[in-house]
Protein chains: 2
Amino acid sequence: MPRKSAQNYEVKILDAAETMIRSRGYNGVSFREIADAVGVKSSSVHYYYPTKGALGVAVARRYTDNFLKTLGNPEDASKDANEVLEKVRELARYSLKQEKLMCLCGMLGAEVADLPSEVADQTRSFFLLNSDWLVTALSRTDWGRAQTEKTLRKAALKALSTMEGALIVARSLGDPEIFEDIEMDELRV
Amino acid sequence: MPRKSAQNYEVKILDAAETMIRSRGYNGVSFREIADAVGVKSSSVHYYYPTKGALGVAVARRYTDNFLKTLGNPEDASKDANEVLEKVRELARYSLKQEKLMCLCGMLGAEVADLPSEVADQTRSFFLLNSDWLVTALSRTDWGRAQTEKTLRKAALKALSTMEGALIVARSLGDPEIFEDIEMDELRV
DNA sequence: GTCTATAATTTGATAGAC
DNA sequence: GTCTATCAAATTATAGAC
């Protein structure tokens, strides 16, 4: 049995690329380093993703899908509205403390002016879908029921902003516990 | 009179480097592109800043100094406390709408795990000094006078986080006006 | 599907002329 | 203080063997 024929490194490549982008940024990642991390040659990365842009889009799309899947249904009737909202904060906490990485789309969002347009589009989609999710979740709370759509949208955007910024500030200051100091009242209404 | 002798491009080099880092990130910037933007050769950039780390530190240090200088004295008795606090929001708004750039230290903060240690240290210093400034400014407000230092520090960190995140979210969504939707109640107490 | 080999370009950095 | 010239290494990407 040949050692490396008919393998499929696609998922491992996405895993390595995601981790590296979330640590170094899109411009800080190279095909060779991804390949080294997976244990293949860079040409194998190009086999699955012909260009860096194509790889970036695939990573961002999968990240967005997984993020929303982990959040679950914002209208989940079996759960308290605040319990649902807390999941956003839990995801950010996990990113910071367990993975010790940025949110992928927080990182890409900072670099957005320099990204291939297809990657920038997928980054935009992440924030659109997450603010939609938050608007729906917030509308279920006692507070949210009495608010206009516009007010809910503002609260959603603020919660997302604070979450992304909190990762940056806590990492910059070198102390993950700072995350706990940064309140997100928008997610407890 | 010789064309380019005895010139001093140091400030222009810092200007170009800052603009480019704020758009592309630290890893997305090269000595040659900075040199091209200034109209010199890359060896002239190395003359002032022998390594990329040295350049990064110089840019971050100047940015921090200018930022705090623009904010002014947080205890300025001639101004209302809320008027003073609003300056943080004004600086972020200017960055987003006029310069169309990230905050330098928001960008560096996202990449902090991959920066030369001296650049990471200066990024940390930016957030430390700014949270100190905010704690002092907040302590002058009617609300702040009644709070503990710990509570003021939390509010300061949240305001900084929301500011950095708002730049990312507004830029990712491609609409600077979104910044106005993101309330920063911490700066109006 | 993975490899070797290689192309064309870019990168951070240095030596030395002026 | 700025330049030309150059280096070794790294980058994205492609061609073609297996």
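So that the names make sense, note that chain A is the first sequence line, chain B the second, and so on, each numbered from 1. In what follows, every heavy atom counts, from backbone to side chain, and hydrogens, waters and symmetry copies are set aside.
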Calculate the interatomic distance between B:K12 atom NZ and D:dG1 atom C1'; express it in whole Å.
14 Å
A:K41 atom NZ is separated from C:dT6 atom C1', nearest whole Å, by 14 Å
With side chain to side chain donor-acceptor pair (under 3.5 Å) as the rule and sequence neighbours excluded, what pairs involving residues 104-119 of chain A come up?
A:N27-A:D114
Determine which pairs satisfy ring-ring contact (aromatic ring centres under 6.0 Å, His included) with at least one residue from residues 12-32 of chain B, sequence neighbours left out, and list them in order.
B:F31-B:H46
Treating primed atoms plus P, OP1 and OP2 as sugar-phosphate and everything else as base, which nucleotides of nucleotides 11-18 of chain C get B, S or - for protein heavy atoms under 4.0 Å?
BBBB----
Only pairs under 3.5 Å count here: list side-chain donor-acceptor contacts from residues 159-166 of chain A, not counting sequence neighbours, and write none if there are none.
residue : atom : partner : partner atom : Å
A:S161  : OG   : A:L157  : O            : 2.9
A:T162  : OG1  : A:K158  : O            : 2.8
A:T162  : OG1  : B:T162  : OG1          : 2.9

In chain order, what residues pass the side chain to side chain donor-acceptor pair (under 3.5 Å) check against B:S42, with sequence neighbours excluded?
none
Partners passing side-chain contact (heavy atoms from CB on, under 4.5 Å) against A:K150 (at least two apart in sequence or in another chain):
A:T148, A:K154, B:D181
Establish, with yes or no, whether the OP1 or OP2 oxygen of D:dG1 is under 4.0 angstrom from a side-chain nitrogen or oxygen of B:Y47.
yes
